[in-house]
There are 2 protein chains.
Amino acid sequence: MSSDEEQSWRSLLEVSIAKSRKTRGSNYVQISTVEEGEPRCRTVVFRGFQKTPVHHDLFHELDEKPCLFKMCTDKRSKKVAQNAKQSVAEIVWWFPKSSEQYRVRGNLILVGGENEDRALEIARKELWGNISDPSRESFLGQVVPGEAYEKDNSIIPVGGRDDDGKVLVPPDNFLLMLLDPMDVDYLRLTGDQYRQVDSRGPSGWTKQRVNP
Amino acid sequence: MSSDEEQSWRSLLEVSIAKSRKTRGSNYVQISTVEEGEPRCRTVVFRGFQKTPVHHDLFHELDEKPCLFKMCTDKRSKKVAQNAKQSVAEIVWWFPKSSEQYRVRGNLILVGGENEDRALEIARKELWGNISDPSRESFLGQVVPGEAYEKDNSIIPVGGRDDDGKVLVPPDNFLLMLLDPMDVDYLRLTGDQYRQVDSRGPSGWTKQRVNP
């Protein structure tokens, strides 16, 4: 395979996502962080790629496609504290149907209510409006995730909506979580098996084919 | 739910595995390690629980079931170097059908050909004999995984077998990889949603129900 024929990770991923759209949980990825020198990993929902205005610091496109991975998390979850000490995280996305793996290393950016960046503030509100009713409800409980179980006696607004069905404002603990990729390690284990590592440099992305 | 009704992570996992046995890739898990202070994560195949003799240092049962997670890896892969500096790793196992997640933190133990522990030596050879022909072949190439691509011109014995179809001895780079669990964080997102953290102490496992 000549380097001309190789596709960028972003174009490859576009195809993988399209192929697996109908598979249950195909938008679930694993994200790893570091806590006191030890690895931690959990499953999160990938919620698409975040678009930003062209002149934004986080504007990042490849093959004319946005590259910022969009997720959300709870401010009270451990990965938030972990991120304060080590902002590099790695996402693994395994596609069982096509036996492909993407390992995406990058900076994790957490956007809360106090963010003064207008574009990110809007993005956070949009995501809050777009997640499902049960997802919104999960952010509106009063008990702290991970602490010893206690019954949540607070009244959680159904669907995170008011009496007229309108979505409430996002609570303080709802965070937009973005991963800005620096390296992507792609492995294909079916057909023409290969592994390709894409790295982001000052002048854009470069590709290298490596031994599987 | 009273604590009497709670099941150990090991019994819960037994049920999850049985339920998803027919799902493609249901034995694929993600394992995270640390490299130079940064998190790394990739997908590996879970190959069952490793049994050891009762008096072995690594003998570890819960509810009369073995607890050592069995996998394999290549000595030349990065996680092996990572493991030398930080032996704690974390496995995430997501079951899409039942919406359950297990996060298993523990020590990662790598067993190569020079191991003098008879039980582990046998276990390594057994695993080599039990993996698929293509899996065995993947350990018999001469090019180094992750390095710049070069055509592997070595002759790889088909199926890792000799002319009579007998499995060859495992190559030096074939490692048995065991994870000995210290904590298991179980999350169930369907039906009676709950989260349970099991921790291994000097006198065995304790369970705690925590807020999801």
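- For A:Q101, the part sitting under 4.5 Å from any heavy atom of chain B is the side chain, from C-beta outward, and nothing else.
- When each of A:T33, A:I91, A:V197, A:D185 is checked for heavy-atom pairs under 4.5 Å with chain B, A:T33 comes out on top.
- Your options are B:S32, B:G37, B:A89, and the one with the most heavy-atom pairs under 4.5 Å with chain A is B:S32.
- Between the side chain of B:R103 and the backbone N or O of A:C41 there is at least one donor-acceptor pair closer than 3.5 Å.
- Nearest approach of B:V92 to A:R42, heavy atoms of both residues: CG2-N, 3.8 Å.
- The residue among A:W94, A:Y28, A:Y102 with the most heavy atom pairs within less than 4.5 Å of chain B is A:W94.
- Taking CD of B:E90 as the start and CD of A:E35 as the end, the distance is 9.0 Å to the nearest 0.5 Å.
- For chain B, the option among A:P96, A:G25, A:S99 with the highest count of heavy-atom pairs below 4.5 Å is A:P96.
- Of the listed residues (A:P212, A:P39, A:S138), the greatest number of heavy-atom pairs within a distance under 4.5 Å of chain B belongs to A:P39.
- At a heavy-atom separation below 4.5 angstrom, chain B is approached by A:Q86 within residues 74-86 of chain A.
- Your options are B:E150, B:R24, B:R40, and the one with the most heavy-atom pairs under 4.5 Å with chain A is B:R40.
- In this structure, the portions of B:E38 lying under 4.5 Å from any heavy atom of chain A include both its backbone and its side chain.
- Side-chain contact between A:N211 and B:Y149: present, with at least one pair of heavy atoms (C-beta onward) separated by less than 4.5 Å.
- For B:R105, the part sitting under 4.5 Å from any heavy atom of chain A is the side chain, from C-beta outward, and nothing else.
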